[in-house]
Asks: 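Pasting a structure here, questions to come.
Values in this document were obtained by computation on a predicted structure and should not be read as measured data. Below, each value reflects all heavy atoms present in this structure, side chains not excepted, and no hydrogens, waters or symmetry copies.
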Amino acid sequence: MTLSMKKSVFAALAVLAAVSCGKKEGYLTVSGECPADSVFLFTISANGVEFAQATDNGQFLIKGNVDAPEYALLADSRILPESSMQVEMFLEPGDIVVTPSSDGGFDVTGTPANDAFVSYRKSTAELEPIYSEAYMSGNQAVIDSVLEVHRSISVDFVRENMDNYAGLHVLQGVSDEFTDEQILELLGLCPDNLKECGLWKQLSDDANNGISLKKNGYIDFSQSGIDGKSEISLKSVVEKLGNKYVLLDFWASWCGPCMGEMPYLKAVYAKYHSKGLEIFGCSLDRNEEDWKAAVEDGKLGWIHVSDLKAWNNSAAKLYGVRSIPANYLIDCATGAIIATDLRGEALEAKLSQLLK
């Protein structure tokens, strides 16, 4: 578990073909010092492989062109789980330099986004040992305090860096700290070259989708129930006689914060189910056994569905889910989504107001 608590994307990354030599508009170089024999550059938009053989004194140089800035990963192995070095960076026009840092890692500098991200990482680095110690000892008060400081630093960084890709990258990790309207406002501050990025378009689409949900009401979908015998539609639960409110809850057995919410969900379900509350849990699990074990062992007695496609879950995409846990409280009488991301005591407070 890391401070950012963002999901890992490394396994989904393809490999960059950085083979161009001409200095076009998006020309870039990635150079630096690496103790390995060779380095590999991974990026989402890649369609091939390019590696730079390290020289005798450990120097490497990769040249290429980019149409728009994007996230990348420099590693010392073609197979990421086997690599001992993984360096985050942002590919953008300019000369990007990778150098060993005093903490045993690497700094990436030379372009606006990379310079800004080095500053961001240094501002949060001192929180890491405090968080690790608290996590190992189970000191939840310190954990919450550190996470709050980290969120504050991240939010401030986003507001000050929407002119470079680092701002977009951090915004993706703390998007739940902003309303959809605020996200669109922030995205509007980006220069035109950032608006060509896949991440900018994804964040924009998700925010617009969220606004549409609030305006037009819930979107129906069907997925397999936990018994595996039939599919269950959200509409059938919303329209079921006696149900007044349905909490659509996106979660996964592998998600620590999700499992941390389960005691709250069990409490409100026990208290308000007889008064008209139903929970429709949509799992972003991939492993069926893990999903079923979490439901059975946790005695989570509400409705559960999944397509077992993890982050490719069709319903999660439909609702623009950017992180989990995520939930949507649906008014069965109107189909409107009247609240989102109610956690802990906030969920109890809302339901006590609605179901007195």
Asks: Go through it in stages, so that I can follow the logic: the residues are Y319 and Y328, the test is ring pair (Phe, Tyr, Trp, His ring centres under 6.0 Å), and I'd like the CA-CA distance, side-chain angles, deciding distance and then a yes or no.
Replies: CA-CA 9 Å; Y319 278 78; Y328 301 82; 5.1 Å; yes

Asks: For T43, does its backbone N or O pair with a side-chain atom of E70 as donor and acceptor, under 3.5 Å?
Replies: no

Asks: Any luck finding a side-chain donor-acceptor pair between D95 and T29 under 3.5 Å?
Replies: yes

Asks: Can you find a heavy atom in the side chain of L171 that is under 4.5 Å from one in the side chain of L187?
Replies: yes

Asks: Test your reading of the model: is there a side-chain donor-acceptor pair from R121 to the backbone of D107, 3.5 Å cut-off?
Replies: no

Asks: Please check if the number of heavy atoms outside D144 that lie under 6.0 Å from its CG is greater than 12.
Replies: yes

Asks: Using atom types as modelled, flag every donor-acceptor pair under 3.5 Å from a side chain in residues 155-163 to any protein atom, sequence neighbours excluded.
Replies:
residue	atom	partner	partner atom	Å
N161	OD1	N164	ND2	3.1
N161	ND2	F157	O	2.9

Asks: So if you build clusters from Ile, Leu, Val, Met, Phe, Trp, Tyr with side-chain heavy-atom gaps below 4.5 Å, do I232 and F221 land together?
Replies: yes

Asks: Is it true that, when you exclude K122 itself, more than 12 heavy atoms of the residues, nucleotides or ligands shown sit nearer than 6.0 Å to its NZ?
Replies: no

Asks: Looking at D37, I want to see if its CG is surrounded by more than 12 non-hydrogen atoms of other residues, nucleotides or ligands under 6.0 Å.
Replies: no

Asks: For L308, is there any backbone N or O sitting under 3.5 Å from a side-chain donor or acceptor partner on D285?
Replies: no

Asks: In the single-linkage hydrophobic clustering (I, L, V, M, F, W, Y; side-chain heavy atoms under 4.5 Å), do V98 and L61 co-cluster?
Replies: no

Asks: Write down the atom of G110, the atom of D115, and the distance for their closest heavy-atom approach.
Replies: N-OD1, 2.9 Å

Asks: Donor-acceptor pair, W311 side chain versus A316 backbone, under 3.5 Å?
Replies: no

Asks: Salt-bridge test for K292 and E289: reply yes if a basic N is under 4.0 Å from a carboxylate O, no otherwise.
Replies: no

Asks: In terms of side-chain geometry, is the basic nitrogen of E278 or K240 positioned less than 4.0 Å from the acidic oxygen of its partner?
Replies: no

Asks: Looking at L342, is its backbone amide N or carbonyl O close enough to the side chain of N327 to form a donor-acceptor pair, meaning the two atoms are under 3.5 Å apart?
Replies: yes

Asks: Tell me every residue that passes ring pair (Phe, Tyr, Trp, His ring centres under 6.0 Å) with W200, counting only those two or more places apart in sequence or in another chain.
Replies: none

Asks: Only one of V237, L247, I279 passes side-chain contact (heavy atoms from CB on, under 4.5 Å) with W302; say which it is.
Replies: I279

Asks: Do the ring centers of Y71 and F117 come within less than 6.0 Å of each other?
Replies: no

Asks: Checking the side chain of N193 only, and the main-chain atoms of P69 only, is there a donor and an acceptor separated by less than 3.5 Å?
Replies: no

Asks: Compare every heavy atom of V87 with every heavy atom of V108, then report the nearest pair and how far apart it is.
Replies: CG2-CG1, 3.5 Å

Asks: Please work out whether the ring planes of F42 and F40 are parallel, tilted or perpendicular, with thresholds of 30° and 60°.
Replies: tilted

Asks: Looking only at side-chain N and O atoms, does E348 offer a donor or acceptor that is under 3.5 Å from a partner on Y264?
Replies: no

Asks: Among all residues two or more places apart in sequence or in another chain, which pass the side chain to side chain donor-acceptor pair (under 3.5 Å) test with S84?
Replies: D76

Asks: When you measure from the side chain of K266 to the backbone of G298, do you find a donor-acceptor pair of N or O atoms at a distance under 3.5 Å?
Replies: yes

